[in-house]
Number of protein chains: 2
Amino acid sequence: MKKTGIGEFEELVLLTICVLENEAYAFSIKQEIEQRTGRRMNISAVHTTLYRMEDKGLLTSQMGEASSIRGGKRKRLFSATTFGIKSLSEIRDVRSTLWEDIPAFVLKNADL
Amino acid sequence: MKKTGIGEFEELVLLTICVLENEAYAFSIKQEIEQRTGRRMNISAVHTTLYRMEDKGLLTSQMGEASSIRGGKRKRLFSATTFGIKSLSEIRDVRSTLWEDIPAFVLKNADL
DNA sequence: CATATTATACAATAATGTAAATTAAATAAA
DNA sequence: TTTATTTAATTTACATTATTGTATAATATG
């Protein structure tokens with residue numbers, strides 16, 4: 001397999017980038033995911049993932065304006081490419097069709 | 001991260017097992033996924049994945065009845081555990097909330 | 001000069017793939 | 001009715017690749 005080549009974490013990162021619109025940079029992505037999932041992660045893990053996904057063509061980036069309140073390096077802002085969004089969408093469709101096709105009794109006793 | 005520890009392929013396998021109910025064994029799982037995704041895969045890749053997921057507690061298995069039309073070894077039938085179903089459900093919830101929170105214009109021009 | 005952030009390089013672990021051996025059942029043949 | 005043959009699958013052991021994690025250095029900005 002490995003056609004899409006998008007891992008669990010990568011998928012969360014990409015979706016989060018979409019949610020954050022013009023404010024998607026490593027730190028804000030990290031925080032958003034931590035808040036939504038309750039899991040902690042290293043900022044560098046986010047960075048490596050972002051760069052890898054850029055190589056794969058799933059997202060692009062550009063440097064943001066220099067306008068921090070305190071000093072600091074400029075933010076690198078990320079956004080999903082069309083290819084990235086399509087990849088997200090495809091895997092979502094496959095999964096949701098599968099969910100629909102699960103007989104109800106299979107999910108009983110799992111108190112979802 | 002890695003709390004859930006469920007890969008892209010693993011997730012498809014587990015969902016497919018749920019869909020196939022009492023007829024989920026390596027071969028039928030492989031075929032069902034191939035048919036739904038269009039991607040080909042090695043039967044052994046399915047097997048290793050199944051065993052690994054059993055170790056993780058995401059599914060269980062038992063040998064089926066000997067009732068093939070032609071000869072052959074008995075099928076090992078797989079089913080998702082409660083833990084497996086909960087894991088699927090959790091990650092689905094996180095993703096679908098993210099999807100809901102994506103501003104519409106971000107998805108424009110991607111012709112989904 | 002303090003600080004917020006990126007960037008880089010490497011390490012660890014996890015996921016996936018492949019090939020070959022093995023097993024059990026059904027059927028055919030002796 | 002015993003033995004051999006074919007067949008549908010599993011099982012095992014290992015190899016490869018992909019994903020995720022960590023630590024440290026570098027850089028730009030107020």
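Chain naming here is simple, since letters A, B, ... match the order of the sequence lines and numbering starts at 1 in each. Worth knowing before you read on, the calculation uses all heavy atoms, side chains too, and leaves out hydrogens, waters and symmetry mates. Here the structure is a predicted model, which is why all the values come from computation and not from measurement.
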Taking the minimum atom-to-atom distance to the side chain of [X], which one of [options] wins?
| X | options | result |
| --- | --- | --- |
| B/Glu10 | C/dT16, D/dT22, D/dA13 | C/dT16 |
| B/Met63 | D/dT11, C/dG17, C/dT8 | D/dT11 |
| B/Tyr25 | D/dT27, D/dT10, D/dT29 | D/dT10 |

**Asked** Does the side-chain contact (heavy atoms from CB on, under 4.5 Å) test come out yes or no for A/Met53 and A/Thr81, once each step is laid out?
**Response** CA-CA 10 Å; A/Met53 290 174 81; A/Thr81 60; over 6 Å; no
Determine: side-chain N/O of [X] to OP1/OP2 of [N], distance under 4.0 Å, yes or no.
| X | N | result |
| --- | --- | --- |
| B/Arg74 | D/dT10 | no |
| B/His47 | D/dT11 | no |
| B/Lys73 | D/dT6 | no |
| A/Lys75 | D/dA28 | no |

Within this structure, what is the [atom1]-to-[atom2] distance between [X] and [N], rounded to whole angstrom?
| X | N | atom1 | atom2 | value |
| --- | --- | --- | --- | --- |
| B/Gln31 | D/dA8 | CD | C1' | 12 Å |
| A/Phe9 | D/dA18 | CZ | P | 19 Å |
| B/Glu54 | D/dT11 | CD | P | 9 Å |
| A/Arg52 | C/dA9 | CZ | P | 17 Å |
| A/Arg76 | D/dA26 | CZ | C1' | 14 Å |
| B/Leu50 | C/dA15 | CG | C1' | 14 Å |
| A/Asn42 | D/dT24 | CG | C1' | 12 Å |

**Item:** Cluster link A/Phe27 to A/Leu77, ILVMFWY, side chain under 4.5 Å
**Value:** yes
**Co-membership, hydrophobic cluster, residues B/Phe83 and A/Leu107, 4.5 Å side-chain** =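 As far as the 4.5 Å side-chain criterion goes, A/Leu107 and B/Phe83 are connected within one cluster.
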**Prompt:** Cut-off 3.5 Å, side chains only: do A/Arg92 and A/Ser89 have a donor facing an acceptor?
**Reply:**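 No, A/Ser89 and A/Arg92 have no side-chain donor paired with an acceptor closer than 3.5 Å.
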Classify the nucleic acid contact of [X] as base, sugar-phosphate or nothing, counting any heavy atom under 4.0 Å across all strands shown.
| X | value |
| --- | --- |
| B/Ser44 | base |
| B/Tyr51 | base |
| B/Thr48 | base |

